Structures are given as structure tokens and as C-alpha cells.
Protein chains: 2
Amino acid sequence: MKFEVVTIKDIAKALNLSTSTVSRALRGSYEISPETKKLVLEYAERMNYRPNPIALSLKEQRSRAIGVVVSEIANNFFSQAIAGIESIAYNRGYHVIITQSHESKERELVNIQHLVSRSVDGLLISLSSETSDLSYLQQLYEKGFPVVLFDRISNQIDTHKVTADNYMGAFHATEHLIYQGFKRIAHITSSTHLSITRERLQGYKDALAKHHIAVNENLIKYCNHGGMMIDEVEVAVEDLFRPKIKPDAIFTAGDRLSTICLGIIKQKQGAIRKAGFIGFTNTNLADLFSPPVSVVRQPAFEIGQSATELLTSMIESKRPVTTFETKVLPTNLIIRESSLQQQD
Amino acid sequence: MKFEVVTIKDIAKALNLSTSTVSRALRGSYEISPETKKLVLEYAERMNYRPNPIALSLKEQRSRAIGVVVSEIANNFFSQAIAGIESIAYNRGYHVIITQSHESKERELVNIQHLVSRSVDGLLISLSSETSDLSYLQQLYEKGFPVVLFDRISNQIDTHKVTADNYMGAFHATEHLIYQGFKRIAHITSSTHLSITRERLQGYKDALAKHHIAVNENLIKYCNHGGMMIDEVEVAVEDLFRPKIKPDAIFTAGDRLSTICLGIIKQKQGAIRKAGFIGFTNTNLADLFSPPVSVVRQPAFEIGQSATELLTSMIESKRPVTTFETKVLPTNLIIRESSLQQQD
DNA sequence: AACGATGTCGGGAACGATTGCGCAAATAAA
DNA sequence: TTTATTTGCGCAATCGTTCCCGACATCGTT
């Protein structure tokens, strides 16, 4: 099952020229006479010649492809980020190879090794929630392999990073709840391995502190699988609302976490149902919810774009890049009914 | 900015052997003595040798990668389908290269050419809404290049196809609305170029016919950009509800179409707001809507898996495949409040 | 002792493209 | 006319790997 294509050799043979001449003619080299150029160009056009990228990769030691590792494609944030990645990569002539870690550090490692062996020119990574040891990546990176971290970043490795302003996003969300009069604001988040978890948690805590509300560790729940397991979230919600003194608002720190939590709330009655709600999520459908849901929205598309720009510039840089930037893009607080204090 | 790796040549030099011997030792050839094998294997292991997939691709004329063309990644159906594709491809040792057509036939063509020139071993395609002329694909396919169509298929090309049972999905959805007492059921769909449009439309019409309801062409609106342009949908909805005699229910035929339509309905009053609603969508959040939305859900993940299984079997088939199957997977009708007749 | 059989290994072409170098012919300069 | 320069093109190496052949050495057989 082969798919025969014309090569530079075929053209050379047909035109009674050498492959070098054909190659140079195609690349418009000055050392080829205009007549020969025209001849070759026209024939190549007619035969629909396309240079073989694999051969080029082998010769030039680059593949013009970048690898992406995310936890899950079917997640609003990531699918939007990938769209952003693809938009820039496409323009710069790179292919995008996508892999999912499913929040597993083993799978993440296998994916990275796979991509590297496949000679991708660079890597765009959002860490899995299990990942704490970055030594493999570190090692790879120190050998000069371009890596850009996005969304879930780490300070264990010194390279370009792009992320949303998780701290301020969480801070403003929490402060908004406080302004609305909520006093006992619960926070449901994921593994503390993740930078986004820690940043959002800090924003939450600092907002409370600013308004002289003591942080209550019982109001903070960690779902280590980040919403990959529904049970985990159910347990967290039930734990929160079991005590006599219940939370009056919930602030969730992740896309899946938010939607799952909303689903659980919907099935419940009483205090749970009445609690204020705001969450980090990138769904476009939040205003269709009942009640319309307040969200912290991340500029996912732009994060993907920005990370890809940094990566391609690193790949194409002549000398080793030594100064790195960490881009922090502002989040968008969209207030709808769910986070408003009900007057009753 | 290079990333130096050990090659078979390095091993040969270090061990004072020829590359042929090293190659054979690594592949466990019988003509290499056990001692030499052991020596090579251990050294390769120690140096963390990985065969260069690019070189292999060049030699073997295959890349162990499959190309995917969809209209948009950030769409529930496609992101779920891609997850299914990736799950099978991963197990069979293939990489997945994803591209988006953004519903443009030019972009689709460029992507396909790009992927082919990059020597993907096969193609998984869901056609753009603009595509009517499949001659390029046809031509490619006739040269023996493995192609599997999924979701948006075409009978212009004879190969494996995988799709949801759009006809029955639409039929049952429409019939459900009829059973609920709705009489004037509008249908908002996309370009008739698409197989899914035609199949769903036919299901809709046949359900009406079965229940002796005349098809009213004024109640059918075609959004040729399939929800990529919001205006288009707004115009459609307004056109539907402008006449004196208004529809009492809406049935939408696509993911984006459904959610956009729901957004529009939400902003309106009166007849529009009160109309029954059901739509094709793969969002997981439909029961969080207000009211909870009835949907026709496609087995997106399974469609992706199935298409990938067929493609890889085609790629790996020794002799040309001549008999093709069209897999039709059942849809899932999930009834919630939005499609129930309100008793008032 | 001569021969074939077997076991181990290396040489080199091939996959498709680029590119430094060299060579011949044509042209320009002396 | 002779020399120098330019023009136009081919040879061959290279990227990493596989694989067809051919080259030996060793062993057993007659």
C-alpha cells in the first residue's frame, strides 16, 4: 500500500539533469541559468512536486513539528489553548502533535520521550496533577531542548512560561464574594503539586486576609485528581456541608471541578443549593446555566498563542536563549447571578 | 540549538563494530553472536539509545503518524472524538497530527496536502461545511492512500466511514417533540453539503410524515457556516418567529448551533422563550442549563475510536482493501425539561 | 587434504534532499 | 592570443537506519 510521489531524482532523470541542479533550481539558486530554472520549475509544477519533509528533517535535524502535552483535550480550557497553539504554529510552518497525560505522570513521561524521539523541535507542556519530579524535563532542557511551560508551570525549571494570572483571578473572585456579603467561603481545588492550585489558593487566602476573615482550613478541599473522578468532588462537597456551620459560598479552582461541582449542587437542597458560587472555567455556556454562573475565565486561546510564539522563537534562535520571561495574562471575572447575594 | 543523541554509528565506533552489526544486534538478528548482541544491547541501554524515527520513516516510507482534519478542535463533539482517536492511535504506536479546517474548503485542502507531504500513513477526515468537491481526496485515495471519513462523510468516495446514526437521532428527537404535543417544529441546521445535515433533515421530515404533519419549508433554516457566525443563527431564529403563526418548538442539528441558539432564546421573550427545544450537542453541561436541555448525544469518543481502528487496519493491510464498511453508531436521546410540553 | 556448510561480521547502496567543491566552457580582460 | 574570471552544472558526502552481498574463519565430512 504505497503512495508514489515524484522526487527530485525523478525530475532530474526526466530532464537529464543532476539532482543538485534540480534542487538548486527549485530553491532559486543564482548559479542556475534562467532557462534551466524555468524548465525545472515548470516540470515540477506539472508533476505536482512536493519536497519530502521527512528527508528534510533527517538532513536538517529538525522536524518542523512541536509537541504538546496536556492532561485532557476534551476540556474547554485546553481545547481553546490548543486552538491558539495551532493558529500560531500553522502560520510559522510547524505541525502540532498533541498528546494527553490524563493527569498521569507516567503517561506524561512516556509522551515526552515519544515526542522527543520523534524529533519534535520543541515542547509545549502543561504538567499533570501528579507531576512533582521534573528531573527528566530538566535534563532534557539542559541539553538545549526548547521547552515552554504553560498553564501549569513549575519553578523547578528555568524557561519561558505562560500562564493566566491565577492569583489575581482568585483574589478578585473571592473579594467579589466578600463584597456580596458572603462570610464563609469554601474553596475546592486540586492537587497542590500544581502551580495553578497554589496560586489560586493564595489569591483566595489573601483576599480573605485583606478583609479580615480568618482562613478556615476546613473550608478548603483538595481534589487530587482535579475532577477526573466525580466521587472525589462529591465527598468534598458533602464534607463541606456536613458540619452545623455551613459555608455560604463556594469558589472552585478548575474547569472540570467547577462543572462537576455545579452538577452536584443542582441535585442537592437547602444550604448547598443556596450557596453562592463562582468558579474557574472556560465554558462558553455559563450564562445558559440555572442560575447563570459567575466565572473566572482564562484567556486560553491567547495563552496557547503566546506559548507557541515563545517556543518558536526559542527554536529558531541562533544562540542559546538565556533570559526567560514568564508571561502572566489577566483573567476575566464574569459576574452573573450565581455569585450574587440573594435578598430574602 | 541542537540536542545530541546517540546513533547507531556512535555505538559502532565505540564498540569497534560496523553499523550493520550494531543494527542487527539491536534487532536481535540470528546472524549475530550472543556475545556481540549482549555487548551492543548493554551499551545501547546504557547510552539510552533510541532509534531515530525520522530516519526510519525515510527508509521505510512510513511515518507511524496519522493526520486528522476536523473543522474545530474547541467543539465538544470533536474534542471528544479526538480523545477517542488518540486512545487507539496511542496503543497501536501511531502519533496523531491534528489540523483544523475552520469550515473552509481551502484550508481543508491545504491541511490535507500538508499532511500527505509529511508522509502521514493515513488520514481521518471530517469534512468542512464548504466542501462539495472531493476530487482531490478521491484522487489521493485512488492512489492507495488510506483515508477514513468520520462524522461528516460523503458518498463521493468509497472507503471506510464512521458516523452517528444521524437519521434516527433526528427522527426520535422530532418524534419525541411530536409526542409532547408540539405541532410546529422548526429545524435549524447547517449547510446541505454536509451528510449530517441531510441525514438529520431527512429524519426530521420522516418523523413529521409518520405523524401526518406537513413539512413546512419556512420552518427549516440553513446556517451555512454551521454556527461559526452567530449573526447567521440570530437571523434564522428571528425569521422563524417573525410570522404571525410561530413555531412552538425548535430542533437544532449541530453542537455550536444548539448552544448559540439557546443563548439567543435566553435573551428573548414570549413565544421564543416558551418554545420546546432539543438539539444535537455533546456538551456535558446540558443538565445545568435553565431549563435543563434535552439533547441528542453522539458517541463521539467511540466514533473516533472506531474510525482509528479502521484506519490503522487499512494502513497495516498487506493487500489493497477493497470492501469497505460504513459504521453507524447509535445516538443517545436524553430528555430533560426543555422539550417537555409546559402545562399552563 | 580439499571441500562445502555454517556462523559472524563488514562494505556499501538506498531512502530524498542539500551543499561544498571542483570542473569545464564561455566570456571578459590583458 | 593568452590569461583571468564568471557562469552553469555535476560529483559526492551527509543525515540515521536497514539490508543485500560478499568476506572470512571455523568446523565437519569425505
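Reminder, nothing fancy here: chain letters follow the sequence lines and each chain counts from 1. Being a predicted model, the structure only gives us computed values, none of them experimental.
- A:E130 places a side-chain N or O within donor-acceptor distance of the main-chain N or O of A:K105, the cut-off being under 3.5 Å.
- Distance A:L58 CG to C:dT18 C1': 11 Å, rounded to the nearest Å.
- Residue A:K9 has no polar side-chain atom (N or O) positioned under 4.0 Å from OP1 or OP2 of C:dA14.
- Residues B:E309 and B:Q305 have side chains that never bring a donor and an acceptor to within less than 3.5 angstrom of each other.
- Taking the centre and axis of the six-membered ring of A:Y30, the NZ or CZ atom of A:R24 falls outside the cone set by 45° and 6.0 Å.
- The side-chain contact (heavy atoms from CB on, under 4.5 Å) with A:F77 is formed by just one residue from the set A:V70, A:D151, A:I82; it is A:D151.
- Atom NZ in A:K38 sits roughly 18 Å away from atom C1' in D:dG8 (whole-Å rounding).
- Atom CG of A:L39 and atom P of D:dG8 are 15 Å apart (whole Å).
- Between the side chain of B:K161 and the backbone N or O of B:S154 there is at least one donor-acceptor pair closer than 3.5 Å.
- Side-chain contact annotation: B:S128 with B:E103, donor-acceptor N/O pair under 3.5 Å absent.
- Within the nucleic acid shown, B:R62 has no heavy atom closer than 4.0 Å to any nucleic acid atom.
- Computed from coordinates, the A:K59 NZ to D:dT14 P distance equals 10 Å when rounded to whole Å.
- Axis deviation across the helix from C:dA1-D:dT30 to C:dA30-D:dT1 amounts to 70°, comparing end segments of five pairs, rounded to 10 degrees.
- One atom, CD1 of A:I54, and another, C1' of C:dT18, lie 17 Å apart when rounded to the nearest Å.
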Practice prompt. Test salt bridge (Lys or Arg N to Asp or Glu O under 4.0 Å) on A:E42 and A:K38 and set out the steps.
Written response: CA-CA 6 Å; A:E42 276 175 0; A:K38 184 154 168 288; 3.6 Å; yes
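- Here B:Q61 does not reach the OP1 or OP2 of C:dA14: none of its side-chain N or O atoms lies under 4.0 Å away.
- Distance CZ (B:R50) to C1' (D:dT17): 16 Å, rounded to an integer number of Å.
- Contacts with DNA chain C (heavy atom under 4.0 Å) in residues 12-36 of chain B: B:N16, B:L17, B:S18, B:S20, B:T21, B:R24, B:E31, B:I32, B:S33, B:T36, listed by number.
- Here CG of B:N52 is found 14.0 Å from NZ of B:K59. Values are rounded to the nearest 0.5 Å.
- With rounding to whole Å, B:L56 atom CG is found 5 Å from D:dT18 atom P.
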### Query
Could you go step by step and tell me if A:E108 and A:T131 meet the side-chain contact (heavy atoms from CB on, under 4.5 Å) rule?
CA-CA 8 Å; A:E108 180 178 271; A:T131 308; 2.7 Å; yes
